[in-house]
Number of protein chains: 2
Amino acid sequence: MDQVFKALGDANRRLLLDRLHQRNGQTLGELCQGLAMTRQAVTKHLALLEAALLVTSVRRGREKLHYLNPMPIHEIYERWIGKYERDHVGALGRLKTRVEERQDD
Amino acid sequence: MDQVFKALGDANRRLLLDRLHQRNGQTLGELCQGLAMTRQAVTKHLALLEAALLVTSVRRGREKLHYLNPMPIHEIYERWIGKYERDHVGALGRLKTRVEERQDD
DNA sequence: TTGACATGCAACTATTTAGTTGCCTATTAT
DNA sequence: ATAATAGGCAACTAAATAGTTGCATGTCAA
């Protein structure tokens with residue numbers, strides 16, 4: 001779980017996920033195109049994404065195809081985001097109340 | 001948005017959010033209790049959480065009360081998690097297909 | 001089979017981030 | 001008043017992370 005959050009904590013990696021979300025199964029070379037980074041930097045980002053199980057890959061001949069795996073993101077939603085979302089309205093209400101109290105200071 | 005992801009990328013900060021989720025409005029001192037960190041380290045984490053708008057705070061006399069703000073997490077869900085979740089089943093299906101193909105190698 | 005292409009590996013540098021220590025300020029209670 | 005409490009600020013250290021360069025390996029196509 002921690003690896004997933006860490007992986008999502010970098011804008012370049014989120015960009016890579018977005019690209020795979022747009023079109024799944026891209027090669028390393030394709031994912032590099034238009035980025036202000038060397039291929040090796042992208043390789044490292046992809047390695048982290050794979051370690052977090054956010055991306056899986058398959059070698060096809062001399063190229064490596066990358067696939068988005070949405071499962072960990074689903075788990076983050078279930079185990080973490082969800083529990084904050086559930087009382088979202090309630091917490092907003094409390095915040096609102098507090099802000100209103102402040103204005104009485 | 002980037003600040004929110006960065007803020008969530010650290011386990012200690014997520015712990016602080018969890019604590020506030022358990023009981024809102026805690027002071028810095030309370031949040032420090034039982035953590036293997038100095039007060040100043042916690043202060044810095046809270047500063048990042050505040051910069052990401054995940055936490056708001058109010059000074060009450062000599063103490064500072066911290067409140068969870070679930071809005072950014074809601075936005076992450078809406079703008080980012082949601083779009084992966086939406087085609088979760090479809091993507092899982094594709095992944096499954098691909099894995100099955102692999103086993104034919 | 002040779003050259004071009006796609007990727008991998010390892011060592012290194014630079015930057016960012018986490019955490020500490022020491023001291024200062026403001027507030028509360030006696 | 002003054003001592004204790006709650007927190008803030010700044011400089012520093014240490015560690016983690018991002019990114020680079022150079023070279024090696026495996027694969028495809030002519």
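Any value given below was found using the heavy atoms of this structure, including those in side chains, with hydrogens, waters and symmetry copies removed. On a predicted model such as this, the values are computed, not experimentally measured, just so you know. Throughout, protein chains are lettered first and strands after them, A, B, ... in sequence-line order, and every chain is numbered starting at 1.
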> Do A/Lys64 and A/Glu50 meet the salt-bridge criterion of a basic N to acidic O distance under 4.0 Å?
Replying inline: yes

> Rounded to whole angstroms, how far apart are CZ on A/Arg62 and P on D/dT27?
Replying inline: 11 Å

>> In whole Å, I'd like the distance from the CZ atom of A/Phe5 to the P atom of D/dA16.
In response: 21 Å

> Atom CG of A/Leu68 and atom CD1 of A/Ile73: how far apart are they, to the nearest 0.5 Å?
Replying inline: 6.5 Å

> Between A/Arg59 (CZ) and D/dC28 (P), how many Å, whole number?
Replying inline: 10 Å

> If each of B/Glu30 and A/Asn12 is mapped to the nucleotide of DNA chain D with the nearest heavy atom, which maps nearer the 5' terminus, i.e. the 5' end?
Replying inline: B/Glu30

> Atom NZ of A/Lys44 and atom C1' of C/dA14: how far apart are they, to the nearest Å?
Replying inline: 12 Å

> Base, sugar-phosphate, or nothing for A/Glu63, non-hydrogen atoms under 4.0 angstrom?
Replying inline: sugar-phosphate

> What's the NZ-C1' distance between B/Lys6 and C/dT15, to the nearest Å?
Replying inline: 11 Å

> For A/His66 and B/Arg39, take the nucleotide of DNA chain C holding the closest heavy atom to each; which residue's nucleotide lies nearer the 5' end?
Replying inline: A/His66

>> So if I take every side-chain heavy atom of B/Leu28 and compare against C/dG19, D/dG8, C/dA6, which nucleotide ends up nearest?
In response: D/dG8

> Starting at CE of B/Met37 and ending at C1' of D/dG7, how long is that distance when rounded to a whole Å?
Replying inline: 16 Å

> At under 4.0 Å between heavy atoms, what does B/Leu48 touch on the DNA or RNA strands: base, sugar-phosphate, or nothing?
Replying inline: sugar-phosphate

> Rounded to whole angstroms, how far apart are CD on B/Glu50 and P on D/dG7?
Replying inline: 12 Å

> Rounded to the nearest 0.5 Å, how far apart are CG of B/Asn12 and CG of B/Leu35?
Replying inline: 7.0 Å

> With respect to the phosphate group of C/dT20, does any side-chain polar atom (N or O) of B/Thr38 fall under 4.0 Å of OP1 or OP2?
Replying inline: yes

> What nucleic acid atoms does B/Arg60 come within less than 4.0 Å of, heavy atoms only: base, sugar-phosphate, or nothing?
Replying inline: nothing

> A/Gln40 has a side chain; which of D/dG8, C/dG8, C/dG19 sits nearest to it?
Replying inline: C/dG8

> Among all residues two or more places apart in sequence or in another chain, which pass the side chain to side chain donor-acceptor pair (under 3.5 Å) test with A/Glu75?
Replying inline: none

> Residues in salt bridge (charged side-chain N to carboxylate O under 4.0 Å, His left out) with A/Arg14, at least two apart?
Replying inline: B/Asp2

> Would you say C/dT17 has OP1 or OP2 under 4.0 Å from some side-chain N or O of B/His45?
Replying inline: no

> Rounded to the nearest Å, what distance is computed from the CG atom of residue A/Asp10 to the P atom of nucleotide C/dT16?
Replying inline: 12 Å

